[in-house]
*Asks:* 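Below: one structure in structure tokens.
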Amino acid sequence: MLKSTRPELQSPTDLKAEATRDISAALGGLLADVFALYVKTKNFHWHMSGSHFRDYHLLLDEQSDQIFAMTDPIAERARKIGGTTIRSIGHIARQQRILDNDADYVDPQDMLAELLSDNLQLTREMRQVHNVCDEYGDVATASLLENWLDETERRSWFLYETVRGRSNA
């Protein structure tokens, strides 16, 4: 039996109940990961130090803004198709797959390498959500994902080029 959205929160859609359930669940996991990556990127932005401080600080500020800009469209897309979305920090914590980093100190090169890995993971997660959308013919959500995939690949590229060939000095 499908879990249905409360009548007060239902939205009109031509997608079947199974599509609404599966796509909104996939978007919920993606949204949790995007929030986790946003907080981690801001954490590293705030705690950046060292000889490349200004460049890295600005890079991570730009990237965190781009990541945060995905949150509302992801949540609203789930609602547009008749689903629901995350409701709290606890809800995010239960669904996120991108791991937190609560260390007191992280070397700047390690920060960038970890964010590269996380962005690559986010790319894989977005491709999985895209597959779910393709399965149900949800081209609107798939189209949004394609733009976010491009942005995420760009972030990964910048992080890769920043850490490539550098020592931890």
*Asks:* Distance from Glu153 atom CD to Leu122 atom CG, nearest 0.5 Å?
*Replies:* 10.5 Å
*Asks:* Is there a side-chain contact between Thr162 and His52, using heavy atoms and a 4.5 Å cut-off?
*Replies:* no
*Asks:* Is it true that Arg79 and Glu76 make a salt bridge, defined as a side-chain N closer than 4.0 Å to a carboxylate O?
*Replies:* no
*Asks:* If we only count heavy atoms from C-beta on, is the Ile23 to Cys133 side-chain gap below 4.5 Å?
*Replies:* yes
*Asks:* So, for Pro108 and Met48, which heavy atoms are closest and what is the spacing to 0.1 Å?
*Replies:* CB-SD, 3.6 Å
*Asks:* Does Gln121 reach the main-chain N or O of Asp33 with its side chain, forming a donor-acceptor pair under 3.5 Å?
*Replies:* no
*Asks:* Please round to the nearest 0.5 Å and tell me the distance separating atom CD of Glu151 and atom CG of Asn119.
*Replies:* 11.0 Å
*Asks:* Can you see which heavy atom on Thr85 is nearest to which on Arg87, and at what distance?
*Replies:* O-NH1, 3.4 Å
*Asks:* Measure the shortest side-chain to side-chain distance between Ser49 and Tyr105 over non-hydrogen atoms and say whether it is less than 4.5 angstrom.
*Replies:* yes
*Asks:* Which heavy-atom pair separates Phe158 from Gln63 by the least distance, and what is that distance?
*Replies:* CB-NE2, 4.0 Å
*Asks:* Using the salt bridge (Lys or Arg N to Asp or Glu O under 4.0 Å) rule, take Glu161 and Arg164 through it: C-alpha gap first, then chi angles, then the decisive distance, then the call.
*Replies:* CA-CA 5 Å; Glu161 291 297 338; Arg164 183 164 65 143; 2.8 Å; yes
*Asks:* Contact between Arg77 and Asp138 at the side-chain level, heavy atoms closer than 4.5 Å - yes or no?
*Replies:* yes
*Asks:* Hey, could you give me each pair passing salt bridge (Lys or Arg N to Asp or Glu O under 4.0 Å) that has a residue in residues 36-49? Not counting sequence neighbours.
*Replies:* Lys40-Glu114, Lys40-Asp118, Lys42-Asp61
*Asks:* For a quick test of reading the model, state the closest non-hydrogen atom pair linking Gln96 to Ala32 and the distance between them.
*Replies:* N-CB, 3.7 Å
*Asks:* Check step by step if side chain to side chain contact (heavy atoms under 4.5 Å, CB included) holds for Ile98 and Val34.
*Replies:* CA-CA 8 Å; Ile98 291 181; Val34 168; over 6 Å; no
*Asks:* Working to the nearest 0.5 angstrom, can you tell me the gap between Leu37 CG and Arg155 CZ?
*Replies:* 6.0 Å
*Asks:* Taking atom OH of Tyr136 as the centre, report whether more than 12 heavy atoms of other residues, nucleotides or ligands fall under 6.0 Å from it.
*Replies:* yes
*Asks:* Do Glu135 and Asn131 touch side chain to side chain, with heavy atoms closer than 4.5 Å?
*Replies:* no
*Asks:* Please check if the side chain of Arg94 supplies one atom and the backbone of Gly90 the other of a donor-acceptor pair under 3.5 Å.
*Replies:* yes
*Asks:* Using modelled atom types and a 3.5 Å cut-off, is there a donor and acceptor pairing between side-chain atoms of Asn101 and backbone atoms of Ala103?
*Replies:* yes
*Asks:* Out of the candidates Leu145, Thr141, Leu31, only one should pair with Ile74 under the side-chain contact (heavy atoms from CB on, under 4.5 Å) rule; please name it.
*Replies:* Leu31
*Asks:* Check Trp148 against Pro73 and note the closest heavy-atom contact, atom names and distance.
*Replies:* CZ2-CB, 3.5 Å
*Asks:* Taking the side chain as C-beta and beyond, is there a heavy-atom pair between Phe35 and Ile86 under 4.5 Å?
*Replies:* yes
*Asks:* With side chains defined as the heavy atoms from C-beta onward, is the minimum distance between Leu115 and Leu60 less than 4.5 Å?
*Replies:* yes
*Asks:* Indicate yes or no: at least one non-hydrogen side-chain atom of Tyr56 is less than 4.5 angstrom from one of Met111.
*Replies:* no
*Asks:* Minimum heavy-atom separation for Thr123 to Leu149, with atom names?
*Replies:* O-CD2, 3.5 Å
*Asks:* Is it the case that one hydrophobic cluster holds both Leu58 and Tyr38, taking links as side-chain heavy atoms less than 4.5 Å apart, direct or via other members?
*Replies:* no
*Asks:* Do Leu99 and Ile67 sit in one hydrophobic cluster, given that two such residues count as connected whenever their side-chain heavy atoms are within less than 4.5 Å of each other, even indirectly?
*Replies:* no
*Asks:* Quick one: pull up CH2 in Trp157 and CG in Leu116 and give me the separation to the nearest 0.5 Å.
*Replies:* 13.5 Å
*Asks:* Over 60° means perpendicular and under 30° means parallel, so classify the ring planes of His57 and His45, tilted if in between.
*Replies:* parallel
*Asks:* In Å, rounded to the nearest 0.5 Å, how long is the span from CD of Gln128 to CD of Glu125?
*Replies:* 7.0 Å
*Asks:* Does Val106 share a hydrophobic cluster with Phe53, counting links as ILVMFWY side-chain heavy atoms below 4.5 Å and allowing steps through other members?
*Replies:* yes
*Asks:* Can you tell me how far CD of Gln109 sits from CG of Leu112, rounded to the nearest 0.5 angstrom?
*Replies:* 5.5 Å
